[in-house]
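Okay, handing you the structure first.
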Amino acid sequence: MTEQIQPQVFYALPLRDVVIFPRMTTTVLVGREKSLNGVEESRKTNLPILAITQTNPDLDAFDQKNLYDVGTLCQIVESIRTQDGTLKVILQGIARAKISKIVASDKFFICETKVLTEQKSISNEKELLGLVKACIEAFTQYAEYNKRVTPEILAALTKLRSPYEIAYSITTCLNSKISEKQVILEETDLLKKLFKVLELLKSEVEIGQAEARITKSIQEKFTKHQKEFYLNEQLKNIKKELGQDEEGEVKEIKEKLAKLKLPKDVTKKCESELAKLEKMNPYSSESGVVRNYLDWICSLPWSSETKASNNIAKSIKILDKHHYGLEKVKERIIEFIAVQMKTKDSKGPILCLVGAPGVGKTSLAKSIAESVGRKYVKVALGGVRDESEIRGHRRTYIGSMPGRIIQSMRKVQSSNPLMLLDEIDKMAHDFRGDPAAALLEVLDPEQNSAFSDHYLEVDYDLSKVMFVATANSLSAIPIPLRDRMEIIKLSGYTENEKLHIAKEHLIDKQRKENGLTKSEFSVSDEVILTLIRRYTFEAGVRNLSREISNLARKATKEIVTKKVKSLHVTNKNLAKYAGVEKRHFGIARAEDCVGVVTGLAYTEYGGDLLDIEVLKFDGVGKIQATGTLGDVMKESAHIALSYARAISKDLKIDAKKFNKFDFHIHVPEGATPKDGPSAGVALCVALVSTLTNIPIKKDIAMTGEVTLTGRVLEIGGLKEKLLAALRGGIKTVLIPMANKKDLQDMPKEVLNSLTIKPIEKIEEAIKECLVKVKLKK
């Protein structure tokens, strides 16, 4: 049964991608069920249908949010059913109409509308005629760039007399956006409507002119390319007549490849690339890419290698000449040479030297290369954050090239060099990939015999390369990468070692760099020790070298200006040339104090003494910690207080005191962050001293982590801590029993100068540290 509609209520036909104007005939395809029903009913009742455009063509919703306010009432001229079920409808625009309300219906799209009348009188007819003329002229110009506007359409437009028909006819033919056409439909003022049509026309004409210029430019370039090709062919023939054949370059590459002992897969790849190159235009960009690739293949050391050293005595001499101490590293290198002599295997080890700045990691790698008879090449990894830096870029990219590993192999021209991977802990990663992950293949002995570089696209053998990596911090290296390397830790130098390094290496080096002789510049041993203690604070000798360099420059200036003939630096004149002291290292306290204990700290510059102060005052048993302490160190303080409370009876301390006092723990040099569990023993001893009012011995220092059961656990950085204790005038050092094994590697001067006492329980530390204490048995 047909639904009845009231006057001014019409069936609606929502349109997705077209705007229909009054007096214009348009064909549309109808597919939605409600739209089909509406068209059929409109034809039966011979009533107009409202053609209304959607604001979002991707939605099917029929509501005022998804429809423009103004549409066109249309008469259905004809409707034809197509094979796919859609309806082809020819619509004739009658008048504009504005939607007042959407009428709900299950079968149809229905709207309550208000028919809009067109403006009948125009006050300024001259302006109207001018706009109409301008629109027709602009449309004629537009027709030159749009083939859809036929001469018949132009002829029909000039015969129209109604300004509305002219505006709507022009807008229908334009390729403008739906929203722009809808603005013209909704405009009620005729002059404004024509002006907007003219604006759209001008915009379309400009676009057409731009397209014409682009097309012309492309055609010119294409013609130019054809001309170049013809001339190149002529040039090639002329060169053939003169005996200057372009194919000679290809022949030269073939000869280079024939001389190289390439693996089968590489040879096959090169033959394929050569075949491409021969077929290409020699002046094309593609041929340049292929030639560059073949140049890289030809320039890599596929089989050339240096003869390894098998003279152990010579290797030891070279290592001792350049570096003082470092016995573990030297021993490992001699072991490698011995194994190489025995097995005749040229596979290189993968070492990682970990230590503080300035201990000689990079210079040691050079000495290792010299001692084993290999060429040296350095790959700086600090700040590298792109995987392509290691693996290279694929040849599809403009300016692509191999990664740093392959570049270094080309640079060194040897298949068995020593490759230094400097600052391996300073790599980062971002959206471009993780270079540390790319290094896993490089540093895996099971995989690096077939290293894959994105640029080469063939396997390259890195198994003969001796890799030596350097790092300041082991924790910054990813665990999978760390697992592939043999870690060798380089601890800081002792004062005695620094003294020897300065005397045997640094002073001579500065004399040479500053043009001085031994008689012109000399430094006493006391001055070197003062520079070590008062002017530098480091595990290595970099700053010490800098200070000696400063003295050498001063000596050169004094001699050149003829103020002196020679300069011998002593402690008396040191301040004159080196300036004021820059550093006051931690030293033992002058007297026994209550609640003040000397701990031992480890930093990236070496060890240092760390005073820990504890104060008690009336309160409720709370702990306040200051001195920029980390969470772990704060937890150690709570553990220390809890254990002190647990053994209060043994210490003859009234347990009620713990609830009567608050405790303030402070570690001086508050601007320096401090963290770690190794201050547990020192914190516990300081708390016990405060509670008992018994002083702590001034010449004793300690380190160790404390548990809630009073056990003392192992710590790290023992050598650096003991060196700091020795430098600061400490006589006795308490260390965890678990660290007793580490004493075997300690320098003799440390063991001879310090009384080192391993402890297992905190009670042992309390007994050793407090001036007078008797624990209850």
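One is the number of the first residue; the rest follow in order along the sequence. Since the structure is predicted, the reported quantities are computational estimates derived from the model, not experimental observations.
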Worksheet item: For Leu708, what residues pass the side chain to side chain contact (heavy atoms under 4.5 Å, CB included) criterion, not counting sequence neighbours?
Response: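 Ile639, Ser642.
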Worksheet item: Counting only heavy atoms not in Lys731, do more than 12 fall under 6.0 Å of its NZ?
Response: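 No, because the 6.0 Å sphere around NZ of Lys731 holds 12 heavy atoms or fewer from other groups.
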Worksheet entry | Positive for side chain to side chain contact (heavy atoms under 4.5 Å, CB included) with Val614, one of Leu687, Leu691, Val597 |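 The passing option is Leu687.
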Worksheet entry | Results of ring pair (Phe, Tyr, Trp, His ring centres under 6.0 Å) for His568 - residues two or more places apart only |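 His568 satisfies ring pair (Phe, Tyr, Trp, His ring centres under 6.0 Å) with no other residue.
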Worksheet item: Does Asn739 reach the main-chain N or O of Ile735 with its side chain, forming a donor-acceptor pair under 3.5 Å?
Response: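 Such a contact is absent between Asn739 side chain and Ile735 backbone.
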Discussion item. Ser363: which residues meet the side chain to side chain contact (heavy atoms under 4.5 Å, CB included) condition with it, sequence neighbours left out?
Written reply: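 So Ser363 forms a side chain to side chain contact (heavy atoms under 4.5 Å, CB included) with His323.
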Worksheet item: Listed by chain and number, what are the side chain to side chain contact (heavy atoms under 4.5 Å, CB included) partners of Lys656, not counting sequence neighbours?
Response: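 In terms of side chain to side chain contact (heavy atoms under 4.5 Å, CB included), with neighbours along the sequence ignored, Lys656 is linked to Asp654, Lys660.
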Fill in: Sidechain-backbone polar pair: Asp611 side chain, Thr598 backbone, donor-acceptor under 3.5 Å
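Checked: no pair found.
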Worksheet item: Checking Ser545 side chain against Val541 main chain: does a donor-acceptor pair fall under 3.5 Å?
Response: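 Here the side-chain-to-backbone pair does not exist.
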Discussion item. Could you check whether Arg404 and Ser408, counting side-chain N and O atoms only, form a donor-acceptor pair closer than 3.5 Å?
Written reply: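 No pair is found: no donor N or O on one side chain lies under 3.5 Å from an acceptor on the other.
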Worksheet item: So which pairs with a foot in residues 467-489 pass salt bridge (charged side-chain N to carboxylate O under 4.0 Å, His left out), sequence neighbours left out?
Response: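 As it turns out, the salt bridge (charged side-chain N to carboxylate O under 4.0 Å, His left out) pairs with a partner in residues 467-489, which skip direct neighbours, are Arg332-Glu486, Asp444-Arg484.
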Discussion item. If only side-chain N and O atoms count, and only distance matters, is there a donor-acceptor pair under 3.5 Å linking Tyr643 with Glu763?
Written reply: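 Distance-only check passes for Glu763 and Tyr643.
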Worksheet item: Is Val733 close to Met702 at the side-chain level, that is, under 4.5 Å between some pair of heavy atoms?
Response: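 When only atoms from C-beta onward are counted, Val733 and Met702 do not touch, as no gap falls below 4.5 Å.
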Discussion item. For His664 and Phe617, take the angle between the two ring planes, folded into 0 to 90°, and tell me which bin it lands in: parallel under 30, tilted 30 to 60, perpendicular over 60.
Written reply: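 Ring orientation, 0 to 90° scale: perpendicular.
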Worksheet entry | No-hydrogen, no-angle side-chain donor-acceptor test under 3.5 Å, Thr530 and Asn571 |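 Their side chains do contain a donor-acceptor pair, which is all the 3.5 Å distance test asks for.
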Discussion item. I'd like to know if the side chain of Glu441 reaches the main chain of Ala438, judged simply by a donor and an acceptor atom lying under 3.5 Å from each other, with no hydrogens or angles considered.
Written reply: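 Side chain of Glu441 to backbone of Ala438: no pair is present.
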Discussion item. Listing request: all side-chain hydrogen bond (donor to acceptor under 3.5 Å, both in side chains) pairs with a residue in residues 701-710, at least two apart in sequence or in separate chains.
Written reply: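 The answer is Thr703-Lys721, Thr707-Thr709.
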Worksheet item: Got a sec: does the NZ of Lys697 have more than 12 other heavy atoms crowding it under 6.0 Å?
Response: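 Correct, the count exceeds 12.
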